[in-house]
Amino acid sequence: MEQRKLPLVILTGPTAVGKTRLSVELAKRINGEIISADSMQVYRGMDIGSAKVTPEEMQGVVHHLIDEFDPKEEFHVVRFQEYARKYIHEICSRGKIPILVGGTGFYIQAVLYDINFTENGSDSSYRESLEHLAKTEGAEVLHRMLREVDPESADAIHANNVKRVIRALEFYHETGQKISEHNEAEHRKESPYRFAYFVLNDERETIYRNIDLRVDQMMEQGLINEVKALKEQGCTRDMVSMQGLGYKEILDYLAGDQTLEEAVRILKRDTRHFAKRQLTWFRRERDVIWVDKNKYDYDTEQILRVMMQVLEVKEIIQRRS
RNA sequence: GGCGCGAUAGCCAAGUGGUAAGGCACGGGUCUGCAACACCCUUAUCACCGGUUCAAAUCCGGUUCGCGCCU
């Protein structure tokens with residue numbers, strides 16, 4: 001029974017730790033294909049700002065969920081889950097190993113534990129009315145509404161977090177069930193995969209330094225022109241894709257709301273904040289295997305060797321004779 | 001050497017007698033259809049010494065440091 005589970009390798013970590021390079025090396029060794037778990041690299045035309053893998057960097061390793069959507073489309077967890085699931089099956093049926101690589105922890109969680117996001121109709125009207133209410137009556141009103149139907153969620157979600165309060169209300173409205181109960185049940189699920197969840201990490205200072213460097217490189221590579229092109233295509237700030245780091249800041253600059261210097265400063269700062277939040281997320285995920293680069297002397301060979309050992313023990317790959 | 005101004009958390013900064021606003025950074029956390037999103041928590045006794053007062057970051061004197069001006 002246990003052996004019937006499909007294998008799945010996950011490689012994640014904070015932004016700018018070096019996931020991409022390592023993932024390609026790993027894929028080559030275990031005959032894997034990569035599924036990107038990155039909420040921004042899915043979009044076409046967003047290459048520099050999302051630090052997307054280049055074709056050269058791929059070194060022939062097959063990548064999925066890169067450049068598959070238009071920036072004007074709305075991509076989100078549910079779609080990600082759907083596609084990732086499909087690719088995992090395809091890859092396994094080819095006798096290869098799927099490797100989920102990327103920094104979007106929420107996406108990884110959705111796939112790894114096969115979380116059930118109960119389908120909703122297309123009635124955005126309820127959500128819209130709540131959004132309107134929040135604007136006119138204030139966030140507390142919504143929170144009180146939530147307290148009435150789902151006090152546990154009201155306790156867990158801060159009133160100021162309007163987005164989440166609305167989702168909880170919407171969930172109750174659509175299913176008649178409390179999202180807090182639903183979440184609790186989903187949380188207990190066991191993964192349908194035989195997996196190894198690696199989190200690549202490094203010293204905080206080093207990560208931050210790399211972020212600053214990378215942003216400078218992005219600017220040199222022409223991030224401004226990339227964003228300009230997207231803007232000319234009709235991309236606007238309210239689109240999900242344009243909320244990505246590097247896009248929103250440059251868009252503000254192009255709109256004249258900010259000097260370039262300030263935009264870059266904020267971009268660096270917010271990217272550091274993001275890395276920190278990612279680490280907080282991975283810290284509380286269960287079953288993660290931390291791979292601290294500094295503890296392996298930054299030696300890729302050594303890191304790969306350790307990862308391979310884990311994969312063998314977990315019987316995700318065959319033991320080499 | 002003299003005169004004036006200033007000295008508040010890592011940074012910026014409010015507060016001029018009643019027991020230290022706020023912002024940023026750092027750190028920690030939440031997250032189950034927008035997640036590179038959204039949101040929450042967290043930091044000082046006010047340069048130093050002495051005095052006045054029931055009470056001082058706030059008033060007085062001195063010291064140190066910084067800035068400006070003068071000789």
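In what follows, every chain begins at residue 1, and chains take the letters A, B, ... in the order their sequences are listed.
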Looking at every strand, decide which applies to [X] at a 4.0 Å heavy-atom threshold: base, sugar-phosphate, or nothing.
{"X": "Phe171(A)", "answer": "nothing"}
{"X": "Tyr113(A)", "answer": "nothing"}
{"X": "Asn160(A)", "answer": "sugar-phosphate"}
{"X": "Gly246(A)", "answer": "nothing"}
{"X": "Gln243(A)", "answer": "sugar-phosphate"}
{"X": "His158(A)", "answer": "sugar-phosphate"}

Tell me the salt bridge (charged side-chain N to carboxylate O under 4.0 Å, His left out) pairs involving residues 71-82 of chain A, sequence neighbours left out?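 Sorted result for residues 71-82 of chain A: Glu73(A)-Arg79(A).
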
Taking only residues at least two apart or on different chains, which pairs with a member in residues 196-219 of chain A satisfy salt bridge (charged side-chain N to carboxylate O under 4.0 Å, His left out)?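 Sorted pair list: Asp212(A)-Arg272(A), Asp216(A)-Lys268(A).
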
According to side-chain contact (heavy atoms from CB on, under 4.5 Å), who are the partners of [X], at least two apart in sequence or on a separate chain?
{"X": "Lys248(A)", "result": "Arg237(A), Leu245(A)"}
{"X": "Ala154(A)", "result": "His143(A), Leu146(A), Arg147(A)"}
{"X": "Ser241(A)", "result": "Tyr43(A), Met46(A), Pro71(A), Met239(A)"}

Nucleic acid contacts - [range] versus RNA chain B, non-hydrogen atoms under 4.0 Å:
{"range": "residues 270-278 of chain A", "answer": "Arg272(A), His273(A), Phe274(A), Lys276(A), Arg277(A)"}
{"range": "residues 129-146 of chain A", "answer": "Glu131(A)"}
{"range": "residues 204-233 of chain A", "answer": "Arg204(A), Tyr208(A)"}

Nucleotide [N], atom [atom2] - distance to [atom1] of [X] in whole Å:
{"X": "Glu170(A)", "N": "G33(B)", "atom1": "CD", "atom2": "P", "result": "9 Å"}
{"X": "His182(A)", "N": "G33(B)", "atom1": "NE2", "atom2": "C1'", "result": "11 Å"}
{"X": "Glu249(A)", "N": "C37(B)", "atom1": "CD", "atom2": "C1'", "result": "12 Å"}
{"X": "Asn161(A)", "N": "C40(B)", "atom1": "CG", "atom2": "C1'", "result": "8 Å"}
{"X": "Arg79(A)", "N": "C34(B)", "atom1": "CZ", "atom2": "P", "result": "14 Å"}
{"X": "Tyr247(A)", "N": "C37(B)", "atom1": "OH", "atom2": "P", "result": "14 Å"}
{"X": "Trp281(A)", "N": "C39(B)", "atom1": "CH2", "atom2": "P", "result": "17 Å"}
{"X": "Lys163(A)", "N": "U32(B)", "atom1": "NZ", "atom2": "P", "result": "12 Å"}

Does [X] place a side-chain N or O at less than 4.0 Å from the phosphate oxygens OP1/OP2 of [N]?
{"X": "Thr104(A)", "N": "A36(B)", "result": "yes"}
{"X": "Ser39(A)", "N": "A36(B)", "result": "yes"}
{"X": "Arg164(A)", "N": "A38(B)", "result": "no"}

Which value, in whole Å, describes the distance between the [atom1] atoms of nucleotides [N] and [M]?
{"N": "A47(B)", "M": "A9(B)", "atom1": "P", "answer": "8 Å"}
{"N": "G29(B)", "M": "G33(B)", "atom1": "P", "answer": "23 Å"}
{"N": "G27(B)", "M": "C60(B)", "atom1": "C1'", "answer": "42 Å"}
{"N": "G62(B)", "M": "A25(B)", "atom1": "C1'", "answer": "37 Å"}
{"N": "A14(B)", "M": "G50(B)", "atom1": "C1'", "answer": "28 Å"}
{"N": "C48(B)", "M": "A57(B)", "atom1": "C1'", "answer": "14 Å"}
{"N": "U71(B)", "M": "A13(B)", "atom1": "P", "answer": "32 Å"}

Check the angle between the aromatic planes of Phe195(A) and Tyr197(A) and answer parallel, tilted or perpendicular using the 30° and 60° thresholds. perpendicular

Would you kindly say whether Thr236(A) and Asp238(A) are connected by a side-chain donor-acceptor distance under 3.5 Å?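 Side-chain D/A pair, Thr236(A) to Asp238(A): present.
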
Can you give me the dot-bracket string for RNA chain B, 5' to 3', counting Watson-Crick and G-U wobble pairs with both distances under 3.5 Å, using [ ] for crossing pairs and | for partners on another strand? ((((((((.[[[..)..(...]]]..((((.......)))).....[[[[[..)....]]]]]))))))).

Look at Asp67(A) together with Lys52(A) and state whether they make a salt bridge at an N to O cut-off of under 4.0 Å.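 Salt bridge present between Asp67(A) and Lys52(A).
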
Residue pair Ile88(A), Leu6(A): steps toward the side chain to side chain contact (heavy atoms under 4.5 Å, CB included) verdict: CA-CA 8 Å; Ile88(A) 289 171; Leu6(A) 296 178; 4.2 Å; yes

Nearest-nucleotide wise, let me know which of Ile179(A) and Ala156(A) is further upstream toward the 5' end of RNA chain B.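 The residue mapped nearer the 5' terminus is Ala156(A).
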
Just wondering, do Phe117(A) and G33(B) stack (centres under 5.5 Å, planes under 30°)? no

Just list the side-chain donor-acceptor pairs under 3.5 Å for residues 24-34 of chain A, sequence neighbours left out, or say none.
residue  : atom : partner   : partner atom : Å
Lys28(A) : NZ   : Gln59(A)  : OE1          : 2.5
Arg29(A) : NH1  : Glu301(A) : OE1          : 3.4
Arg29(A) : NH2  : Glu301(A) : OE1          : 3.4
Arg29(A) : NH2  : Glu301(A) : OE2          : 2.8
Glu33(A) : OE1  : His64(A)  : NE2          : 2.7
Glu33(A) : OE1  : Arg94(A)  : NH1          : 2.7
Glu33(A) : OE2  : Arg94(A)  : NH1          : 2.7
Glu33(A) : OE2  : Lys96(A)  : NZ           : 3.3

Hey, what else clusters with Phe171(A) if you join Ile, Leu, Val, Met, Phe, Trp, Tyr whenever side-chain heavy atoms sit under 4.5 Å? Ile179(A)

Which pairs with one or both residues in residues 243-286 of chain A pass ring-ring contact (aromatic ring centres under 6.0 Å, His included), sequence neighbours excluded?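 Not a single pair qualifies under ring-ring contact (aromatic ring centres under 6.0 Å, His included).
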
On the six-membered ring of Tyr296(A), is Arg305(A) placed so that its NZ or CZ lies under 6.0 angstrom from the centre and within 45° of the ring axis? no

